[in-house]
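Chain letters run A, B, ... following the sequence lines, proteins first, then strands; residues in each count from 1.
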There are 2 protein chains.
Amino acid sequence: MEAVTARSTSIRIVPRTQATRAQAAPAPLKTLCSTCHLRDLCLPCGLGGTDVERLDGLMFARRRVKEGQALYREGDKFQFIYAVRSGTFKSGLTLKDGREQVTGFQMAGELLGLDGLANGQHASSATALEDAEICAIPYAHLSELAASSTDLQHVISRLMSREIVREHSLMMLLGSMNAEERLAAFLLNISQRMKARGYSASEFHLRMSRAEIGSYLGMKLETVSRTFSAFQHQGLLEVDKKHVRILDLEGLTRAFETRVQ
Amino acid sequence: MEAVTARSTSIRIVPRTQATRAQAAPAPLKTLCSTCHLRDLCLPCGLGGTDVERLDGLMFARRRVKEGQALYREGDKFQFIYAVRSGTFKSGLTLKDGREQVTGFQMAGELLGLDGLANGQHASSATALEDAEICAIPYAHLSELAASSTDLQHVISRLMSREIVREHSLMMLLGSMNAEERLAAFLLNISQRMKARGYSASEFHLRMSRAEIGSYLGMKLETVSRTFSAFQHQGLLEVDKKHVRILDLEGLTRAFETRVQ
DNA sequence: CGTCCCTTTGATTACTGTCAATCGTGGTGG
DNA sequence: CCACCACGATTGACAGTAATCAAAGGGACG
């Protein structure tokens, strides 16, 4: 897994762990929410035409992030909320001994960086799992705009609340499920999100490694791999490295619902 | 662990698991933020005098919640954010098979119910671990007020973001720590919060059962009990049921930092 | 004084972690 | 062009931690 730094003129290969921060885009493309194909998934979701037009007025800078590059890191000053336009990100905490805890994976239309509001600096880091593109939404401007639109205020609050709810269910997963239930829950979640984006719900490419899945689900990469194999033997799915095809959605749901119901 | 229903005129004992929802307070006391002893911990924290006075104008209803009573449950309509005035709450999800996943414990000055914004109904439930008192803050009124005060908007956003950050670190705990590290982290967290409230940081009463601690930390109650005993044998603390005295804060911190550093 | 619940402790099981080897792929460099 | 290396994934063997099952003590309360 390697990455090309944006800074060097010649193409230079660096391992992902040494990846540099994302640089300011050389060509700062501006983006309009009103014409964005993700508007029903993303920030403008639920907003009226006038509010969306006011979002347009902010002219979010669009930025490319290469695979392995960090969009922001723990401790970085909080200035932007990021909306994923394309590609996939992982977000998480890096422990001082080098190990990481992945706290989420973000796909197109999902927001990144909301944890930065608490203390004015990011509490987590976000890294691209493939070449990606994001909208950088300046929080100061956004909150200015929100001051004159209660609808926008509500949308932002709702998105933050949704993040809290999402983390609740992840805590349930980490706190009270076994390996098979965790992986089943993870795959069903990915499946739903792929479907919501117009992709197949039953066949997709995972962009994250076994180690990253394991970190997210609170298990070791070997256990992730074994559990994939177990599901395959049970006829629930076909796996080949990162390619997954779900054969028995009900069976997988049952594996998940063993405890959740 | 038993509870007295508020509805019945005669005092009737019900097990906590069958506890009824908190009823509307018979005497709706009103509360002022400006004179509250918790104002530096709670919602008004960081707000200027004029904003706090405007919060006063909302005249939050104060409500008593008996031990074992639910303040709200999953699926309840979201109307209020709650601030704990006194007592301790647990919040969490109840699974359909009856088991619960505790997602947090709330002490005086802490907020409850922020997960309700996402869908207009609470995604979790909150239950008093001892007789408690809360301020019920009508969200509609609060967000009306926030429309004319960017400071208040920021405070609310920051509180929600803080909840997200809190859950991140809990996920790290659940995802990558062993039993001793989890319990050490839990005790250090309680210790800090007690200290912030003017209580001893080294000696306190836990209001939650071993099972509730276990649910929160993703381990079984027997393991919680054993780990307490282990800490006691290591001379890190003295435990007698719910009473805890920390003898060696550095040692406990080391037990926690084994992985976190 | 008996019951119920919480807690503690012991014995055993089982799941997942750890350590290690192998395979396949893709990029590197001779 | 091909051998080599690095990396991710898979699988096996074994170890270790925590779960499970079980029993008993201690308070609180009727």
Side-chain angles (χ1 to χ4, degrees), chain A residues 1-4 11-19 67-68 90 99 129-130 173-183 205-215 217-233 237-244 255 258-259, chain B residues 1-4 10-19 67-68 90 99 129-130 173-184 205-215 217-233 237-244 255 258-259:
Chain A
M1 200 60 65
E2 297 178 333
V4 179
I11 289 173
R12 197 163 58 85
I13 304 302
V14 294
R16 194 200 271 174
T17 48
Q18 300 167 21
E67 178 179 331
K90 67 172 175 183
R99 288 175 315 112
L129 295 177
E130 57 186 322
L173 185 146
L174 291 170
S176 69
M177 292 189 186
N178 65 27
E180 293 205 351
E181 291 165 339
R182 290 177 196 208
L183 189 62
H205 243 79
L206 297 172
R207 321 284 2 183
M208 60 293 284
S209 70
R210 297 289 187 262
E212 286 158 345
I213 296 173
S215 172
L217 297 178
M219 49 207 251
K220 294 293 153 186
L221 68 94
E222 293 94 333
T223 307
V224 175
S225 182
R226 272 185 247 275
T227 310
F228 266 120
S229 300
F231 282 163
Q232 193 159 20
H233 289 138
L237 44 81
E238 282 175 6
V239 205
D240 180 36
K241 308 277 184 245
K242 294 197 153 105
H243 188 85
V244 174
T258 304
R259 305 225 177 170
Chain B
M1 202 58 68
E2 297 178 333
V4 179
S10 64
I11 290 171
R12 196 163 61 84
I13 305 302
V14 294
R16 195 199 269 175
T17 49
Q18 300 167 21
E67 177 178 330
K90 67 172 174 183
R99 289 175 316 110
L129 295 177
E130 59 185 321
L173 184 146
L174 291 169
S176 70
M177 293 189 185
N178 66 24
E180 292 205 352
E181 291 165 338
R182 290 178 197 208
L183 190 62
H205 242 79
L206 298 172
R207 321 279 9 178
M208 59 295 283
S209 71
R210 299 289 187 262
E212 285 158 345
I213 296 173
S215 172
L217 297 179
M219 48 207 253
K220 294 293 153 184
L221 68 95
E222 294 95 331
T223 308
V224 175
S225 182
R226 272 184 246 275
T227 310
F228 266 121
S229 301
F231 282 163
Q232 193 159 19
H233 289 137
L237 44 81
E238 283 175 4
V239 204
D240 181 35
K241 309 279 184 244
K242 296 197 152 100
H243 187 85
V244 174
T258 304
R259 304 226 179 169

*Asks:* To the nearest angstrom, how far is Phe228(B) atom CZ from dT7(C) atom C1'?
*Replies:* 11 Å
*Asks:* Examine dG24(C): is either OP1 or OP2 under 4.0 Å from a nitrogen or oxygen in the side chain of Lys241(A)? Give yes or no.
*Replies:* no
*Asks:* Sequence neighbours excluded, which residues qualify as side chain to side chain contact (heavy atoms under 4.5 Å, CB included) partners of Glu222(A)?
*Replies:* Lys220(A), Arg226(A)
*Asks:* For Arg182(B) and Thr227(B): C-alpha separation, side-chain torsions, deciding distance, then whether side chain to side chain contact (heavy atoms under 4.5 Å, CB included) applies.
*Replies:* CA-CA 10 Å; Arg182(B) 290 178 197 208; Thr227(B) 310; over 6 Å; no
*Asks:* Please list, chain by chain and in numerical order, all residues satisfying side chain to side chain contact (heavy atoms under 4.5 Å, CB included) with Arg210(A), sequence neighbours excluded.
*Replies:* Leu206(A), Ile213(A), Leu221(A), Val224(A), Phe228(A), Val239(A)
*Asks:* Atom CG of Leu174(B) to atom P of dT17(D): distance rounded to whole Å?
*Replies:* 19 Å
*Asks:* Could you state the CG-P distance from Asp240(B) to dA28(D), rounded to the nearest angstrom?
*Replies:* 10 Å
*Asks:* Using whole Å, what does the distance between atom C1' of nucleotide dG16(D) and atom CD of Glu181(B) come to?
*Replies:* 15 Å
*Asks:* Could you give the CE-to-C1' distance, from Met208(B) to dC6(C), as a whole number of Å?
*Replies:* 15 Å
*Asks:* Just to verify, what does Ser215(B) make a side chain to side chain contact (heavy atoms under 4.5 Å, CB included) with, not counting sequence neighbours?
*Replies:* Glu100(B), Gln101(B), Val102(B)
*Asks:* Residues in side chain to side chain donor-acceptor pair (under 3.5 Å) with Glu238(A), at least two apart?
*Replies:* Arg245(A)
*Asks:* Below the 4.0 Å mark, does dT16(C) have OP1 or OP2 next to a side-chain nitrogen or oxygen of Thr223(A)?
*Replies:* no
*Asks:* Side chain to side chain donor-acceptor pair (under 3.5 Å) with His243(B): which residues, sequence neighbours excluded?
*Replies:* Glu203(B), His205(B)
*Asks:* Report each atom pair, protein N/O against N/O of nucleotides 19-21 of chain C, whose distance is under 3.5 angstrom.
*Replies:*
from	atom 1	to	atom 2	distance (Å)
dC19(C)	N4	Glu222(A)	OE2	3.3

*Asks:* Could you tell me the separation between the CZ atom of Arg210(A) and the C1' atom of dG24(C), rounded to a whole number of Å?
*Replies:* 14 Å
*Asks:* Taking only side-chain nitrogens and oxygens of Ser225(A), does any of them come within less than 4.0 Å of OP1 or OP2 of dG8(D)?
*Replies:* no
*Asks:* End-to-end bend of the helix from dC1(C)-dG30(D) to dG30(C)-dC1(D) (five-pair axes, 10° rounding)?
*Replies:* 30°
*Asks:* Counting heavy atoms from C-beta on, name the nucleotide in dA19(D), dT8(C), dT10(D) closest to the side chain of Leu221(A).
*Replies:* dT10(D)
*Asks:* How many Å lie between NZ on Lys242(A) and C1' on dT10(D), as a whole number?
*Replies:* 14 Å
